[in-house]
Amino acid sequence: MPELMNSKQKQRSMKGITLLGILLLLGLLVSLNTGRYSIGPLEVLHTLLGEGSKKQNTVLFDLRLPRIIIGVMIGAGLAVSGAVLQGISRNGLSDPGILGINSGAGLAVLLFVSFYPTTNVAPPFLMPFLALVGAGLTAVLIYTLSYKKGQGISPTRLLLTGIAVGAGLSAASVILTLQLNPRNFEFVVTWQMGSLWGSNWKFVLALLPWIVILLPYVYWKSRVMNMLSMNEQIAVGLGVPIHRERLGLMAAAVGLAASSVATGGGIGFVGLLGPHIARRLVGPQHQYMLPITAAVGSLLVLAGDTIGRSFMEYTEIPAGVVISLLGGPYFIYLLLRTKA
């Protein structure tokens, strides 16, 4: 019977990956055609094959394509980060944005921007490390405040602590933002709303190692996450060092969230929506759910960015704002369904 269930889950997972892969491909084609400078589907194809004009090459290869790749990586990173946090905390409401980890990453970058020359804002390869420091310190603070001797980590206490810490860090960010000069102020406000501002190949290369290293690590630990999310006593009985595994997975989740925030700004709710949609499609087993989660997250950010670029003629709506319009009501719905 377990083998039959695993076979069905594999089939559902393959169908889900195929469907989401097709949707991502369609989303990529639509996004390549979307923007102030209109390029038709056939022109996109000709340009990709090296037959486009100089302007078309510039728009596609220097502006749109790196932005699309960054959006796909950020979506995967945030969604898988949320799946890890939900698994190790056994709380379906956990999300790097809701728990305040994104706020910690953002505050670290903001502190740097406050003292860095206006011309470059911050080097692409330095920003993920700055965000990692802020997010890591925030995660340690939340974990410490949530831990109670003899009881461990309570999912409800973890959520409330994260919300409180995140609110405090957001307030500090607002105070710092008000002290910035006009040019940096405009950048920070747009970045905090979740704009894919780092839309060039340098930022692709800066984000790529984090995604390429941490996503396989999390998938490698998928069976450990299954035990941590269900029953710690069984995991201990099987010889799993739960504290070490939890800390390693927490570090991976923080790294994914921090690097994504450094490049894409304060995009919220992707880490909440991605895992929940994936569980509905293939069930809770992480070895099947994590690839679907990454694909759903990528699709959410790609769709949010494409809609934001096409909704208004002369301005862009940040992808984080578009996603929040969906994520906010869904979070309230989950909150009402969750028993304290």
Side-chain angles (χ1 to χ4, degrees), residues 74-106 131-132 134-147 152-166 169 210-211 214-215 217-230 232 235 242-261 266-279 284-287 289-294 296-297 300-301 323 327 330-331 334-335 338:
I74 287 174
L78 289 175
V80 171
S81 176
V84 172
L85 293 173
Q86 290 174 20
I88 63 179
S89 67
R90 301 191 303 280
N91 189 337
L93 297 177
S94 294
D95 167 88
I98 296 168
L99 289 181
I101 292 174
N102 287 1
S103 297
L132 180 63
L137 292 175
T138 302
V140 170
L141 177 62
I142 294 171
Y143 190 90
T144 302
L145 294 176
S146 303
Y147 185 83
I153 299 291
S154 164
T156 302
R157 189 163 58 245
L158 179 70
L159 177 66
L160 295 177
T161 302
I163 291 174
V165 170
L169 294 175
W210 299 80
I211 302 298
L214 293 178
L215 285 186
Y217 170 78
V218 171
Y219 184 77
W220 179 48
K221 295 291 184 180
S222 57
R223 297 187 184 278
V224 174
M225 289 176 62
N226 289 337
M227 290 185 280
L228 292 177
S229 61
M230 293 177 63
E232 288 189 4
I242 58 172
H243 294 296
R244 189 178 69 190
E245 295 289 2
R246 184 184 281 120
L247 287 175
L249 286 165
M250 175 71 84
V254 169
L256 287 169
S259 56
S260 299
V261 168
I267 299 177
F269 296 111
V270 175
L272 179 72
L273 294 172
H276 278 277
I277 294 173
R279 287 192 197 95
Q285 297 294 309
H286 286 85
Q287 62 267 36
M289 186 262 285
L290 286 173
I292 301 293
T293 298
V296 170
L300 283 172
V301 175
I323 296 170
Y330 191 73
F331 175 69
L334 289 176
L335 193 62
T338 301

Backbone of [Y] reached by a side-chain donor or acceptor of [X] within 3.5 Å:
| X | Y | result |
| --- | --- | --- |
| Ser81 | Gly77 | no |
| Glu245 | Met225 | no |
| Ser146 | Tyr143 | no |

(Q) Using side chain to side chain contact (heavy atoms under 4.5 Å, CB included), reason through Val218 and His286 one step at a time and then give a plain yes or no. (A) CA-CA 9 Å; Val218 171; His286 286 85; over 6 Å; no
Student check: side-chain heavy atoms of [X] and [Y] closer than 4.5 Å:
| X | Y | result |
| --- | --- | --- |
| Leu273 | Val296 | no |
| Gln287 | Asn226 | yes |
| Leu85 | Pro96 | yes |

Once you round to the nearest 0.5 Å, how far does [atom1] of [X] lie from [atom2] of [Y]?
| X | Y | atom1 | atom2 | value |
| --- | --- | --- | --- | --- |
| Leu290 | Tyr219 | CG | OH | 8.0 Å |
| Asp95 | Leu78 | CG | CG | 8.0 Å |
| Thr138 | Leu169 | OG1 | CG | 5.0 Å |
| Ile142 | Leu137 | CD1 | CG | 11.0 Å |
| Gln86 | Met289 | CD | CE | 7.5 Å |
| Met227 | Lys221 | CE | NZ | 9.5 Å |

Could you tell me which non-hydrogen atom of [X] sits nearest to which non-hydrogen atom of [Y], and how far apart they are?
| X | Y | value |
| --- | --- | --- |
| Ala252 | Leu214 | O-CD1, 3.8 Å |
| Leu272 | Ser94 | CD1-O, 4.3 Å |
| Ala105 | Val261 | CB-CG1, 4.1 Å |
| Phe269 | Ile98 | CE2-CD1, 4.4 Å |
| Ile323 | Val301 | CD1-CA, 3.9 Å |
| Thr293 | Gly274 | CG2-C, 3.9 Å |

